[in-house]
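I have placed the structure first, in the form of structure tokens, so that the comments after it can refer back to it.
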Amino acid sequence: QVQLVESGGGLVQAGGSLRLSCAFSGGMFGTYVMGWFRQAPEKEREFVAAISWSGNPGGTIYADSVKGRFTISRDNAKYTVSLQMNSLKSEDSAVYYCAASPDKTIFYRARHLYPSGYDNWGQGTQVSVSS
């Protein structure tokens with residue numbers, strides 16, 4: 001079974017940076033679309049970023065709230081996906097989740113924007129941004 005384990009969360013000052021990592025196991029990583037979501041207290045789970053199978057720059061998409069500040073990448077040799085977060089704001093504080101989807105039509109049907117489009121999830125890593 002596919003397993004995902006996030007790491008790299010922590011406490012950072014506003015304007016600072018963090019890099020999250022997600023380790024994938026139990027499947028053929030290169031066949032999965034990978035995504036990052038976040039969930040703050042009393043809020044719905046929110047799409048952050050997604051990356052296609054090869055990791056080409058043209059295969060990435062970002063929520064408007066993080067575009068220009070966050071960068072998603074993947075290393076298909078190491079079976080990892082990362083989220084580089086720069087210029088962090090207090091509103092970025094949330095539990096960040098790594099997700100994986102084998103759905104070949106996920107982008108065509110826009111399911112990459114929603115948690116229901118992903119079959120596998122990590123347990124999350126806390127990101128806290130202080131102002």
Side-chain angles (χ1 to χ4, degrees):
Q1 293 181 334
V2 171
Q3 291 185 313
L4 304 173
V5 180
E6 301 97 335
S7 62
L11 176 64
V12 65
Q13 290 270 30
S17 298
L18 283 174
R19 185 176 180 87
L20 307 183
S21 295
C22 174
F24 178 106
S25 63
M28 298 180 66
F29 180 64
T31 68
Y32 282 76
V33 170
M34 302 298 297
W36 285 98
F37 287 76
R38 65 188 183 187
Q39 188 165 19
E42 301 182 5
K43 292 186 177 180
E44 297 295 320
R45 204 179 313 171
E46 176 189 19
F47 171 77
V48 176
I51 188 166
S52 188
W53 304 271
S54 69
N56 291 336
T60 62
I61 187 168
Y62 299 91
D64 288 342
S65 59
V66 307
K67 192 174 298 182
R69 300 188 297 120
F70 290 12
T71 302
I72 188 171
S73 62
R74 68 190 294 163
D75 187 333
N76 283 357
K78 297 181 178 179
Y79 278 37
T80 59
V81 61
S82 298
L83 185 70
Q84 178 66 45
M85 305 185 294
N86 298 328
S87 302
L88 284 162
K89 306 173 181 179
S90 60
E91 53 262 44
D92 295 318
S93 296
V95 176
Y96 282 70
Y97 296 93
C98 177
S101 174
D103 185 0
K104 303 301 182 184
T105 67
I106 190 168
F107 293 116
Y108 177 76
R109 298 177 182 273
R111 292 203 293 268
H112 61 286
L113 300 175
Y114 305 97
S116 60
Y118 298 81
D119 294 332
N120 301 282
W121 295 83
Q123 65 181 23
T125 185
Q126 177 72 52
V127 172
S128 299
V129 184
S130 62
S131 59

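Every heavy atom of this structure was used, including side-chain atoms; hydrogens, water molecules and symmetry mates were not. These numbers come from a predicted model, not from an experiment.
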* Residue that, paired with S73, satisfies side-chain contact (heavy atoms from CB on, under 4.5 Å) out of Q84, M34, R19 -> R19
* Could you give me the CA-CA distance, side-chain angles and deciding distance for S65 and E46, then say whether side-chain contact (heavy atoms from CB on, under 4.5 Å) is met? => CA-CA 10 Å; S65 59; E46 176 189 19; 3.7 Å; yes
* Which atom pair, heavy atoms only, marks the closest approach of Y118 to G35? -> CE2-N, 3.9 Å
* So, for S101 and I106, which heavy atoms are closest and what is the spacing to 0.1 Å? -> OG-CD1, 3.4 Å
* Look at the side chain of W53 and the backbone N and O of T31, then say whether any donor-acceptor pair between them is shorter than 3.5 Å. => yes
* Sequence neighbours left out, what passes side-chain hydrogen bond (donor to acceptor under 3.5 Å, both in side chains) with D92? Give chain and number order. => R38, R69
* Are there more than 12 heavy atoms of other residues, nucleotides or ligands under 6.0 Å from atom NZ of K104? -> yes
* **Which atom of G122 lies closest to which atom of E6, heavy atoms considered** => CA-OE2, 3.2 Å
* Asked: Taking atom CD of Q3 as the centre, does the number of heavy atoms from other residues, nucleotides or ligands within less than 6.0 Å exceed 12?
  -> no
* Asked: Less than 4.5 Å apart, any side-chain heavy atom of L20 and any of V127?
  -> yes
* V129 vs K89, side-chain contact (heavy atoms from CB on, under 4.5 Å): CA-CA, chis, key distance, verdict -> CA-CA 6 Å; V129 184; K89 306 173 181 179; 5.6 Å; no
* Structure fact -> By side-chain hydrogen bond (donor to acceptor under 3.5 Å, both in side chains), R45 pairs with (sequence neighbours left out) none
* Answer yes or no: is there a side-chain heavy-atom contact under 4.5 Å between P115 and F37? => yes
* To do: Can you measure from CD1 (I61) to NZ (K67) and round to the nearest 0.5 angstrom?
  => 7.0 Å
Please list every donor-acceptor pair under 3.5 Å in which a side-chain atom of residues 8-18 meets a protein atom from a residue at least two apart or in another chain.
{"unit_1": "Q13", "atom_1": "OE1", "unit_2": "S130", "atom_2": "OG", "d": "3.1"}
{"unit_1": "S17", "atom_1": "OG", "unit_2": "N86", "atom_2": "OD1", "d": "2.9"}

* **Partners passing side-chain hydrogen bond (donor to acceptor under 3.5 Å, both in side chains) against T105 (at least two apart in sequence or in another chain)** => D103, R109, R111
* Count the heavy atoms of every other residue, nucleotide or ligand shown that sit under 6.0 Å from CD of Q126, and state whether that count exceeds 12. => yes
* Asked: Do D119 and P102 come close enough that some side-chain heavy atom pair is under 4.5 Å?
  -> yes
* Asked: Hey, are the side chains of I51 and W36 touching, using non-hydrogen atoms and a 4.5 Å cut-off?
  -> no
* Check: L88 and F70 side chains under 4.5 Å, non-hydrogen atoms -> yes
* Please tell me if the side chains of L83 and T71 come closer than 4.5 Å, counting only heavy atoms from C-beta onward. => no
* Asked: Is any side-chain heavy atom of F29 closer than 4.5 Å to a side-chain heavy atom of V2?
  -> no
* Nearest atoms (heavy-atom pairs only) where A94 meets A40 -> CB-N, 3.8 Å
* Any link between L4 and Y32 through a network of hydrophobic side chains (Ile, Leu, Val, Met, Phe, Trp, Tyr) touching at under 4.5 Å? -> yes
* side-chain contact (heavy atoms from CB on, under 4.5 Å) assessment of V81 paired with F24 -> CA-CA 8 Å; V81 61; F24 178 106; over 6 Å; no
* Which residue pairs pass the ring-ring contact (aromatic ring centres under 6.0 Å, His included) test with at least one member in residues 83-109, sequence neighbours excluded? -> F107-H112
* Any pair with a residue in residues 74-113 that passes disulfide bond (SG atoms under 2.5 Å apart), sequence neighbours left out, goes on the list, sorted by first then second residue, please. => C22-C98
* To do: Answer with yes or no whether the hydrophobic clustering places V33 together with L113; edges join I, L, V, M, F, W, Y residues whose side-chain heavy atoms lie under 4.5 Å apart.
  => yes
